[in-house]
Amino acid sequence: MTSHLPTKEHLRGLTDAIHSARPISIGLRRTASPHEFYRYPGRFSPDFARSAIEAFSEPGDLVLDPFVGGGTTAVEAALAGRRALVADINPLATFVTQVKTTPLTTSQIEHIRRWLETIPTRARINQRAPSYDTWRSAGYLRHLESRDTWRISKLIRSTLGSLPSNDGVVERFCRCIILRTGQWALDMRHNLPTVGEFRDALSAHGAGMLRAACQFSSNFPGQHRRQPIVIDAALPGLSEHPHTRRLGSPKLVVTSPPYPGVYALYHRWKVYGRKETPAPYWIADRNNSHGLSHYTMSARATRNLDVYFDKIHASYSDLARISSSDTILVQMVGFNSPQEHLPRFLEAMAASGFSEFRLPPSLVSTPDRRPWRAVPGRRWWTQAHSRKSVTAETSREVVLFHRRA
């Protein structure tokens, strides 16, 4: 196997995408692509993923993302004709990614369209709705049944109770429509929508998502048409997964691990911007019993972050076992203290069996020859060592390039 050598045009496109100030999301009120099906916290841009894939792989190559999050790498790899294996420790992430990357058949599209037509009669406050007592007793409806939120909660229960159940792909897609609308209605909002506004948004989001899904399905390249494989798995441990063993070494890894010392709420919505609820797992029909540190590699567990860097070492040691000498690793990372944490991160990478390489000086003009970028309006907030202390450095990220040592 020979390494794919990126052209100068591809590398220039990659650096342009890294420094792009365009918003990562076009907003919850639009549905131009599967990327907008759900706004997973801390995503990198589709432009970045696409440019990295085009620069360091060819059609038919295997692309891996072990921290897939909202599924950006998986969507772009599929559209670029690459095989993709993606994984995450968060079942909400794998649910969203699976919905985003599953092509729909004509029959499934028609089933979803018929379900959407029932929303005006189903999503009504005077209709009886399933109680979901098991989920409620487990705490998944926390902060959703107050004087101000119970109406939205009942509408969600009503629409979940009407889901088509004879096709798993159709059911997941319809759940994602409800999930997206629930996020729009509840997460980080101080003024909740009315019953009519929620019902209208549910119909509009569903219609937009269905159009985007149809476009995505039709854009699959014929010669290399392969749906990404999405698995619930974590690093370390991915090297032992049957899919990993079967598919072999990836040509490219594009990913973004949890950031050291940075707060990102991957597993909760915040009602009124402050009251955490695990409701998205209930809507997605995925169980979750873990706290923040489980999803962030204990990124804020201690001031010296020893636990985090130990986990980074173990995770990338496992990734090294999957990789070959031709594997390229491209990752976006942020730090609340770059001078302190970047060297430790690079030390952990080297100890795991990876060697850093830099892009040509003509493309990267920073003193350390690493492409740093300003974050153009991140929705989830970042901090130092307390929930009230925010550091300026967390508005910057760096893209690192490695290969097997």
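Everything numeric in this text was worked out from a predicted model, so none of it was measured. Note: hydrogens, waters and symmetry copies are ignored here, and every other heavy atom, side chains too, is used.
- Listed by chain and residue number, Asp318, Arg321, Ile322 satisfy the side chain to side chain contact (heavy atoms under 4.5 Å, CB included) test with Ser239 (two or more places apart in sequence, or in another chain).
- Residues forming a ring pair (Phe, Tyr, Trp, His ring centres under 6.0 Å) with His241 (at least two apart in sequence, or on another chain): His243.
- Taking the side chain as every heavy atom from C-beta outward, His111 and Asp167 never approach each other to under 4.5 Å.
- At a threshold of 4.5 Å between non-hydrogen side-chain atoms, the residues Leu62 and Ser249 do not count as touching.
- Asp133 CG: more than 12 foreign heavy atoms inside a 6.0 Å radius.
- The salt bridge (charged side-chain N to carboxylate O under 4.0 Å, His left out) pairs that include a residue from residues 104-127 are Glu110-Arg113, Glu110-Arg114, where partners are two or more places apart or lie in different chains.
- Between Tyr40 and Tyr266, the ring planes lie parallel to each other; the angle is under 30°, not in the 30° to 60° tilted range.
- For CZ of Arg246, the number of neighbouring non-hydrogen atoms (other residues, nucleotides, ligands) closer than 6.0 Å is greater than 12.
- Using a 4.5 Å heavy-atom cutoff, the side chains of Asp16 and Asp47 are not in contact.
- The closest side-chain donor-acceptor pair between Ser57 and Arg82 falls under 3.5 angstrom.
- Asn336 places a side-chain heavy atom less than 4.5 Å from the side chain of His341.
- Listed for the His205 side chain is no donor-acceptor partner under 3.5 Å among the backbone atoms of Asp200.
- Under the 4.0 Å criterion applied to side-chain N and carboxylate O atoms, Lys154 and Glu145 are not assigned as salt-bridge partners.
- Using cut-offs of 30° and 60° on the angle between ring planes, the pair Phe401 and Phe357 is tilted.
- Residues passing the ring pair (Phe, Tyr, Trp, His ring centres under 6.0 Å) test with Tyr272, sequence neighbours excluded: none.
- In terms of modelled atom types and a separation under 3.5 Å, the side chain of Arg369 and the main chain of Leu359 share a donor-acceptor contact.
- Annotation: ring pair (Phe, Tyr, Trp, His ring centres under 6.0 Å) contacts of Phe173 (sequence neighbours excluded): Phe37.
- The aromatic rings of Tyr132 and Trp282 stand perpendicular to each other, their planes meeting at an angle above 60°, with 30° marking the opposite boundary.
- In this structure the side chain of Leu400 reaches within 4.5 angstrom of the side chain of Glu356, judged on heavy atoms.
- The aromatic rings of Phe345 and Tyr316 sit perpendicular, their planes meeting at an angle over 60°, well past the 30° parallel limit.
- Legend: residues meeting side chain to side chain donor-acceptor pair (under 3.5 Å) with Trp135, ordered by chain and number and at least two apart, are absent.
- Two residues are said to be in side-chain contact when any heavy atoms from C-beta on lie closer than 4.5 Å; Leu210 and Leu104 meet this criterion.
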